[in-house]
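Okay, so here's the structure we're looking at.
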Amino acid sequence: MCGIIGYTGSGDAKKKVADGLEILEYRGYDSAGALLLGNGKTEIIKTEGRVSNLKNKLDTLSSNFTTGIGHTRWATHGAPSIKNAHPHRVCGVCLVHNGIIENYKEIKKRLEGKGITFQSETDSEVACALIDSHFKENVHPCVAILMAERELIGSWAFAISFDGYEGELFATRRGSPLHLGKGKDGFYLASDLTALSSFCDEFYTLHESEIAHLFENKALIYTPDGTSTPDWQKNEASYTKADKQGYEHYMLKEINEEPRLVRNALLPYINRGLPDFSSASFSYDLFKDISKIHLVACGSAMHASLLGKHFIESYAKIPTEVFVASEYRYSPPVFEKNTLVILVSQSGETADTIASMKYAKSCGSLTLGIINAPSTTLARESDFCIYTHAGQELAVATTKGYLTQALVLFLFALFLGLGKDKLTENEARELTNKILSVDTPILETIKRQGELSSLASQLVSSPHIFYIGRGIDYYLSCEASLKLKEISYINAQAYEAGELKHGTISLIENGTPVIAFATNEELFDKTVSNLKETKSRGAHTILFTGDFSKSLDGIADECFVLEGKDKIDMIFSLVIALQLLAYECANQKGCEIDRPRNLAKSVTVE
Ligand code: M6R
């Protein structure tokens with residue numbers, strides 16, 4: 001993970017580095033650091049924790065700096081401490097790094113043998129020392145970088161400063177993203193385009209075989225074939241200054257955006273009441289021979305993919321498998337002829353999902369990204385891309401990102417179903433209309449935050465909780481348990497309702513909360529029986545279900561009747577309820593909701 005920013009020009013480097021890091025903080029917040037240069041002065045400042053700590057320290061520096069590199073860290077090698085914070089300096093080289101150097105131990109041993117001592121436990125400092133060892137051979141910085149890259153294994157984006165090259169920055173990448181930006185007052189480097197959006201109208205995404213060399217007034221690209229200037233493109237990314245708009249947390253603000261986002265996500269892909277993805281540059285013809293689908297993603301995006309599997313198999317009858325992206329290449333997947341591989345990702349930069357996309361392409365499969373963040377690696381490099389239009393998501397726990405992925409997958413399932421003649425035009429039209437109307441149950445559920453807060457108060461002192469459901473309710477249980485775990489630190493496990501009694505039920509003790517989801521009337525009795533099995537063993541039972549004109553008396557200790565009239569309404573009502581329940585638990589426990597411990601918004605390392 002980690003976020004990188006770099007600047008050289010006539011402007012205030014200190015401010016640009018600090019502002020850029022603030023935008024990049026979602027990539028990790030274990031520590032932050034900056035190297036600032038100008039007017040013959042050099043400062044390296046490092047702080048633990050959030051970027052605001054670094055900003056406070058930077059504010060105490062009075063000098064003007066014209067060149068800087070900054071870093072916000074998600075620790076991989078070495079504890080989150082000042083010692084391990086970036087930038088790392090070894091003799092004449094100072095760098096910041098995003099990625100993982102897999103062979104750092106061997107290189108470290110070799111360099112230690114040559115008398116080099118290391119200050120940190122990081123793989124990044126080893127890369128810095130390796131570049132410096134070549135730089136010492138009196139070669140140009142680009143040559144030193146190139147020689148080091150030939151020895152490194154792993155993934156990296158480096159922003160580097162070399163002694164004797166004041167006012168100049170160097171950058172290179174392999175696997176991790178890095179963009180150059182051209183602003184009115186200089187040149188920039190950043191891990192993502194949003195960090196460049198307030199400074200630069202033009203950007204260039206560095207290719208893996210290139211080394212960038214930035215001066216105050218020019219930018220050069222070196223490749224083994226020669227030197228060129230970047231092929232600048234217009235920067236469409238935008239960054240809205242973080243603003244909670246009166247909400248206590250970004251997560252709550254983002255949940256409250258969800259009713260409005262239903263239309264945002266769906267309307268670009270609906271024409272005359274039917275799914276139409278021509279704005280994503282494809283028609284049904286592209287998929288007419290598809291006989292199998294793989295959905296590949298991580299975390300909540302993988303849980304949204306499970307919903308996608310349910311929708312695709314229900315409406316298009318195409319066999320669909322869901323894979324955790326970090327396992328995809330190793331499972332190994334069976335590619336039948338005409339397998340479509342769909343990569344689902346809010347950030348578009350999740351390393352394992354990117355690696356899966358590359359793997360699928362190398363196996364000859366057609367790839368389709370379902371992505372929120374524009375101009376990201378997955379959006380650019382998938383064969384086709386559907387944007388989910390959720391807008392910037394700042395809370396680490398995804399809410400609107402997950403919802404919009406599920407909505408788009410629903411519509412895509414109708415699109416395939418219609419194309420494959422598994423749905424009539426009328427059925428597809430009705431279902432398209434239906435999905436557009438789920439903003440109402442979503443909004444009505446948000447209004448019931450108070451009820452969910454009372455339920456949360458029954459959960460906060462429990463060390464562990466079980467969520468159970470059948471079919472799509474199990475898939476929703478998976479997301480419910482992840483959401484609760486990641487922000488409230490309460491251990492939660494999701495189980496297929498019928499599976500609990502095959503072992504795990506032995507964990508149920510007096511008062512253990514068991515939460516059942518039952519959005520499908522046909523499965524209601526079975527799920528309730530499973531819930532009762534836990535009640536007989538002392539569980540505190542909570543049921544989220546629909547208004548099925550069944551008596552709910554005595555069926556569970558607590559019941560939350562979901563909004564809406566049919567299964568689809570209830571599924572989306574439940575999406576909101578599970579998010580608010582997790583939010584309320586975390587809030588009541590006083591957790592840092594938007595920035596949970598040990599996490600980062602975008603997981604850019606494998
Ligand atoms: O950006 P992506 O959708 O690829 O991210 C995938 C997961 O890292 C993400 O959904 C994660 O599980 C969230 N923190 C869950 O809230």
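Position 1 is the first residue of the sequence; numbering continues from there. Both ligands and their constituent atoms are indexed starting at 1 by order of listing.
For K601, no nitrogen or oxygen atom sits less than 3.5 Å from a nitrogen or oxygen atom of ligand 1, counting backbone and side chain alike. In terms of polar-atom proximity, T353 is not counted as a contact of ligand 1, lacking any N or O under 3.5 Å from an N or O of the ligand. Below 3.5 Å of separation, one finds no N or O of L482 facing any N or O of ligand 1.
F415 and F287 have perpendicular rings, their planes meeting at more than 60° on a 0 to 90° scale where under 30° would count as parallel. Classification of the W156-F158 ring pair by plane angle, with boundaries at 30° and 60°, yields parallel. Using cut-offs of 30° and 60° on the angle between ring planes, the pair F277 and F282 is parallel. Ring geometry for Y359 against F335 counts as tilted: the plane angle lies between 30° and 60°, on a 0 to 90° scale.
Counting heavy atoms of neighbouring residues, nucleotides and ligands inside a 6.0 Å radius, atom NZ of K358 exceeds 12 of them.
Residues L366 and L286 have side chains in contact (heavy-atom distance under 4.5 Å, counting atoms from C-beta outward).
Within ligand 1, counting atoms from 1 as listed, the ones closer than 4.0 Å to a heavy atom of A397 are 16 (O). With ligand atoms numbered from 1 in the order given, ligand 1 contributes 1 (O), 2 (P), 4 (O) to contacts under 4.0 Å with heavy atoms of S347. Atoms of ligand 1 lying under 4.0 Å from any heavy atom of A301, numbered from 1 in the order shown and given with element: 3 (O), 10 (O). For ligand 1, the atoms sitting less than 4.0 Å from at least one non-hydrogen atom of V396 are 13 (C), 14 (N), 16 (O), numbered in the order shown with element in parentheses. Taking every non-hydrogen atom of K483 and a distance limit under 4.0 Å, the qualifying atoms of ligand 1 come out as 15 (C), 16 (O).
Among all non-hydrogen protein atoms, the one lying nearest atom 14 (N) of ligand 1 is E486 OE1, 2.9 Å. Among all protein heavy atoms, the one lying closest to atom 3 (O) of ligand 1 is Q346 N, 2.6 Å. Among all non-hydrogen protein atoms, the one lying nearest atom 8 (O) of ligand 1 is V603 CG2, 4.0 Å. In terms of protein heavy atoms, atom 7 (C) of ligand 1 is closest to C298 O, 3.6 Å. The nearest protein atom to atom 5 (O) of ligand 1, hydrogens excluded, is given as T350 OG1, 3.6 Å; this is a heavy-atom distance.
Shown here are the salt bridge (charged side-chain N to carboxylate O under 4.0 Å, His left out) partners of E248, two or more places apart in sequence or in another chain: there are none.
At a 4.0 Å heavy-atom cut-off, ligand 1 does not touch E349 at all.
Interatomic distance, CZ of R50 versus CD of E22, reported as 9.5 Å (0.5 Å rounding).
In summary, R595 and E592 do not engage in a salt bridge, as defined by a charged side-chain N under 4.0 Å from a carboxylate O. Ion pairing of R173 with E208 is present here, as a side-chain N (NZ or NE/NH1/NH2) and a carboxylate O approach within less than 4.0 Å.
For atom 11 (C) of ligand 1, the nearest non-hydrogen atom from the set A582, S345, S300, A395 belongs to S300.
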